[in-house]
2 protein chains.
Amino acid sequence: MSTTTGVERKPLRADAQRNYDKIVETARAMFRERGADASLDEIAKRAGVGPGTLYRHFPTREALIDAVMRDWADRINADSDEAAASELPPREALSGWFSKFVENVGIYHGAAAKVMAAMDDPASPIYRKCQILVGANQKVLDSVRDKGALRDGVDAREVMRIVSGIATVVDQSGIGADDAEPMLAIVLDGILVDPSD
Amino acid sequence: MSTTTGVERKPLRADAQRNYDKIVETARAMFRERGADASLDEIAKRAGVGPGTLYRHFPTREALIDAVMRDWADRINADSDEAAASELPPREALSGWFSKFVENVGIYHGAAAKVMAAMDDPASPIYRKCQILVGANQKVLDSVRDKGALRDGVDAREVMRIVSGIATVVDQSGIGADDAEPMLAIVLDGILVDPSD
DNA sequence: TGCTAAGCGGAGACTGTCTCCGCTACTGTA
DNA sequence: TACAGTAGCGGAGACAGTCTCCGCTTAGCA
């Protein structure tokens with residue numbers, strides 16, 4: 001299966017490719033360590049390149065985040081395929097999907113907020129990735145709808161916004177990841193025809 | 001009715017009080033104009049004071065935001081009293097309350113995110129204001145619960161988090177304020193016993 | 001009117017973002 | 001293998017924002 005990243009880039013010179021990779025790898029570590037607002041110059045320094053090099057490859061912070069999250073979209077897609085094909089009762093299937101989503105979107109501190117903000121901003125470098133999310137969610141919701149378990153008028157986009165909002169709340173306020181569950185439960189109650197099944 | 005701000009401060013010298021007021025007034029304008037991330041030095045300059053003066057009165061940005069939102073908590077409290085006493089069907093009463101809440105929390109661009117983050121952070125200067133919000137929301141939900149319209153196990157705190165999450169989504173992504181409604185509708189469906197009434 | 005401390009404010013240290021441009025060294029060609 | 005041309009490097013430094021320190025000013029009191 002082909003990667004979901006799209007956009008072919010013309011081949012870089014060997015040393016440039018090396019730097020590119022080193023920067024992404026370093027950024028991944030720094031983001032994990034200090035959140036998505038880690039200093040870019042610091043990342044460049046740790047990666048052993050000048051700031052100019054970093055900014056040439058990644059004109060904005062979002063662009064770097066996008067690169068760091070390359071495999072991420074594939075993982076989410078896989079999750080959504082699994083959820084859509086699931087034989088579990090609708091509520092369980094959806095609940096699992098939402099939980100995984102919140103978890104995935106919150107990989108780095110501050111990441112959820114960026115994703116949330118980019119969801120409706122076509123100018124953002126992460127927009128395409130968000131579209132993948134929206135598509136994945138649509139797929140899962142459609143599978144639930146096919147079983148007649150979804151209320152009429154529930155729009156996948158709205159659901160996506162709420163869930164990413166919840167992911168942001170969980171990430172920004174100090175509460176634990178477990179605290180997402182009761183909030184997601186409310187959403188489930190709100191979109192399922194018979195919340196008990 | 002007494003103000004909700006609490007904490008008596010020892011009287012300032014006349015010139016200090018003048019500066020304090022000027023800063024708050026200027027900040028309010030700047031926040032409205034440029035969002036809650038407006039430059040503090042710039043606010044000081046426009047207010048005609050040195051940065052030192054601003055930082056003495058307001059050691060952190062949150063503290064300034066807190067001062068700017070002084071009347072805000074009173075307004076929200078009034079809204080909640082009205083909603084709690086309302087004769088409207090539960091759904092309408094709640095819906096109105098949520099909408100006003102989202103609107104109030106989103107006064108300045110970026111404010112919703114700050115409120116959301118402070119909601120569970122007792123160290124934040126805005127924490128006390130958030131407690132007021134939580135209390136106000138509790139009051140409204142209790143009134144609905146008294147009418148038997150609320151599902152069992154619905155926790156006011158969770159609801160507050162979701163709604164502030166929605167407020168943040170609306171504020172951060174470029175979507176219009178109207179787009180909050182369908183999201184709030186899902187929450188209403190999720191917490192009311194019989195969503196139709 | 002003069003004393004005293006509360007309060008002022010601006011110079012400047014510090015951190016982070018981002019650019020410009022002279023230099024380096026990779027790659028394709030002969 | 002040597003060379004030319006250019007893709008790419010990287011660091012100095014401009015710029016913006018935060019925040020502090022401390023010598024000076026002035027309000028408030030006796």
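A, B, ... follow the sequence lines: proteins, then strands. Residue 1 opens every chain.
- Atom pair F58(B):CZ and dG17(D):P shows a separation of 20 Å (rounding to whole Å applied).
- Atom CD in Q17(B) sits about 17 Å away from atom P in dA6(C), given to the nearest Å.
- Taking 4.0 angstrom as the limit, N19(A) places a side-chain polar atom (N or O) nearer than this to OP1 or OP2 of dC9(D).
- One atom, CG of L54(A), and another, P of dG11(D), lie 13 Å apart when rounded to the nearest Å.
- Between the CD atom of E62(A) and the C1' atom of dC18(C) there is a distance of 15 Å, given to the nearest Å.
- Side chain of W72(A) to backbone of N104(A): a donor-acceptor contact under 3.5 angstrom is found.
- Dashed line: the shortest gap from a side-chain N or O of H57(B) to OP1 or OP2 of dC8(C) is under 4.0 Å.
- Nucleic acid contact class of P59(A) (heavy atoms, under 4.0 Å, all strands): none.
- Between D37(B) atom CG and dG16(C) atom C1' there is a gap of 15 Å when expressed in whole angstrom units.
- Rounded to an integer number of Å, the gap from NZ of K45(B) to C1' of dT18(D) is 14 Å.
- Salt bridge annotation for D37(B)-K114(B): present, with a cationic side-chain nitrogen under 4.0 angstrom from a carboxylate oxygen.
- Summary of the strand contacts: E42(A) and R56(A) both lie near DNA chain C, and taking for each the nucleotide with the nearest heavy atom, the more 5' one is attributed to E42(A).
- In this structure, the nucleotide among dG10(D), dT18(D), dC19(D) sitting nearest to the side chain of P51(B) is dC19(D).
- Where D15(B) and Y55(B) meet DNA chain D, the nucleotide closest to each residue was compared, and Y55(B) sits on the side nearer the 5' end.
- Between the base of dC19(D) and the side chain of D41(B) there is a donor-acceptor pair shorter than 3.5 Å.
- Note: CG (L64(A)) to P (dC18(C)) measures 12 Å, nearest angstrom.
- Ion pairing between D155(A) and R157(A) fails under the 4.0 Å rule for side-chain N and carboxylate O.
- Comparing V49(A) and S39(B) by the nucleotide of DNA chain D that holds the closest heavy atom to each, the one mapping nearer the 5' end is V49(A).
- Checking side-chain atoms of S99(A) against main-chain N and O of S95(A) turns up a donor-acceptor pair under 3.5 Å.
- Between Y20(A) and H57(A), the angle of the ring planes goes over 60°, which puts this pair in the perpendicular group of the 30/60° scheme.
- Contact between the side-chain N/O atoms of R13(A) and the OP1/OP2 oxygens of dA25(C) is not found at any separation under 4.0 Å.
- Rounded to whole Å, the distance from CG on L40(B) to C1' on dC19(D) is 10 Å.
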